[in-house]
Amino acid sequence: MSTVTSSRRTAPPPAAAADPPRRTGRRQQRIAATVLLTPFTALLIAVFLVPVGYAIYLSLFGEDHSGLGFGGGETVFTGLRSYLAVLQDPSFLSGFGTIALYCVIFVPTVVISALALALLLDSGLIRLRRTSQMLLYLPHAVPGIIAAVIWLYLYTPGLSPVIKLFAQADITVDFLGLHTVLPSIVNIALWSGLGYNMIIFYAALQALPREVIEAATIDGAGGIRTALQVKVPIIRGSVVMVCMFSLIGALQLFTEPMLMNQATPMVNSRFTPNMYIYDAAFRRNNYGLASAASVILLIVTCVLSYAVTRWSGRRERRA
């Protein structure tokens, strides 16, 4: 009896026997996660963190010229002087005002228009859906600078066939005027980004369970009510993502106004924050000022992105 009792006491419990396989499985998961995350982490460090760190470093230094300013300057530590100079510059603050007005016009327009087109395609009211998707997405495949050149040609008086067509009807249109230049820029960005965002919404709508749509139809909901009260709330995550990406892209506005700077005096060399950064770095050769402006723009972008994410999270929790 003592032999049997001792053998029973020394036998390992089943949980202890199962520990090595569990540890092996966890170790394999960690190795797989490390392998998958290493390329992303390397690119994040090389493409984002290193440039940001270098920009912060440059923003803390400046060129000091002694005497009458002849000869090369000396790089000295200036601390936050460049940041104070940027924040006190009226042209930089007016650039943020311009970009804020641009966001107010562009972001709701592109989101609502892309969502409406996606809902129309998903409803089946539009025939040749594949062809329609391709035609709507095609402008996004055109490089942004090419699209801006094409639209600048259509906006320029004396060259534009659109302006000539309006002139034949005794209608005078100035697309590059004081009150029309910003909507003209919005039109270029809308033409380029509408199809891309529409594809995102359409893909999200295609992933919806058909049972939910059929249940809404059986309950007597019409097409518009089903779209607004059933489909749109379900794809709220895609709507928030498009809003955030559109906002980030709007804050980085550069190509369109940079080309229009050559065609109209209504767009100056510091029309947007990005143009201010370009002007400070490559026209005034003040890399400390340009780096400080870049860091400020990065902080504003991160804060706005965080605000949109928090706002959407609160809406989901309330729902």
Side-chain angles (χ1 to χ4, degrees), residues 37-103 144-145 148 181-182 185 189 244-245 247-310:
L37 290 176
T38 297
F40 170 78
T41 305
L43 285 175
L44 178 66
I45 294 174
V47 178
F48 181 74
L49 296 181
V50 171
V52 168
Y54 187 59
I56 295 175
Y57 169 79
L58 287 179
S59 67
L60 301 176
F61 292 86
E63 293 288 334
D64 187 16
H65 297 273
S66 59
L68 297 178
F70 298 102
E74 181 184 0
T75 302
V76 295
F77 180 78
T78 58
L80 301 178
R81 189 176 69 183
S82 296
Y83 291 93
L84 295 177
V86 169
L87 293 175
Q88 293 175 358
D89 193 337
S91 60
F92 182 75
L93 299 179
S94 66
F96 265 107
T98 301
I99 212 70
L101 182 59
Y102 173 82
C103 291
I145 189 169
V181 64
L182 191 60
I185 295 174
M244 187 168 61
F245 286 171
L247 179 63
I248 294 173
L251 291 173
Q252 299 175 359
L253 181 65
F254 177 78
T255 304
E256 294 85 356
M258 192 66 183
L259 286 176
M260 289 188 175
N261 181 31
Q262 309 297 325
T264 174
M266 302 304 166
V267 179
N268 55 42
S269 60
R270 306 177 192 179
F271 188 72
T272 66
N274 266 342
M275 292 180 66
Y276 180 93
I277 295 168
Y278 179 86
D279 178 76
F282 300 107
R283 292 178 180 172
R284 292 181 282 169
N285 294 323
N286 194 334
Y287 297 105
L289 193 70
S291 300
S294 301
V295 174
I296 293 174
L297 180 59
L298 174 64
I299 293 173
V300 172
T301 303
C302 293
V303 170
L304 290 177
S305 301
Y306 177 76
V308 172
T309 305
R310 286 294 302 270

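Each residue takes its place number in the sequence, starting with 1.
Residue pairs meeting the salt bridge (charged side-chain N to carboxylate O under 4.0 Å, His left out) criterion with at least one partner in residues 49-59, sequence neighbours excluded, are absent. Pairs of residues two or more places apart, or lying in two chains, never qualify as side-chain hydrogen bond (donor to acceptor under 3.5 Å, both in side chains) while including a residue from residues 257-266. Applying the salt bridge (charged side-chain N to carboxylate O under 4.0 Å, His left out) rule to pairs touching residues 86-102 yields D89-R270, sequence neighbours excluded.
Residue M258 holds its CE atom at 13.0 Å from CZ of F271, rounded to the nearest 0.5 Å. Rounding to the nearest 0.5 Å gives a distance of 11.0 Å between OG of S94 and CD1 of I99. Separation of atoms CG (D279) and CG (N286) is listed at 10.0 Å; rounding is to 0.5 Å.
For R81, the salt bridge (Lys or Arg N to Asp or Glu O under 4.0 Å) test picks out no residue, with sequence neighbours left out. Residues forming a ring-ring contact (aromatic ring centres under 6.0 Å, His included) with Y276 (at least two apart in sequence, or on another chain): F92. The side-chain contact (heavy atoms from CB on, under 4.5 Å) check on L101 picks up I105, L182, with sequence neighbours excluded. The side chain to side chain donor-acceptor pair (under 3.5 Å) test applied to Y83 returns S59, not counting sequence neighbours. Applying the ring-ring contact (aromatic ring centres under 6.0 Å, His included) test to F77 and every residue at least two apart in sequence or in another chain returns F61. Listed by chain and number, the residues in a side-chain contact (heavy atoms from CB on, under 4.5 Å) with A263 are L152, L176 (sequence neighbours excluded).
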Using distance only, find each side-chain donor-acceptor pair of residues 42-57 under 3.5 Å and give its atom names and separation, not counting sequence neighbours.
none

Pairs under 3.5 angstrom only: tabulate donor-acceptor contacts from the side chains of residues 247-257 to other protein residues two or more places apart or in another chain.
none

Only pairs under 3.5 Å count here: list side-chain donor-acceptor contacts from residues 287-305, not counting sequence neighbours, and write none if there are none.
from	atom 1	to	atom 2	distance (Å)
S291	OG	Y287	O	2.7
S294	OG	A290	O	2.8
T301	OG1	L297	O	2.8
S305	OG	T301	O	2.8

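Taking a 6.0 Å sphere around CZ of F96, one finds it holds more than 12 heavy atoms contributed by other residues, nucleotides or ligands.
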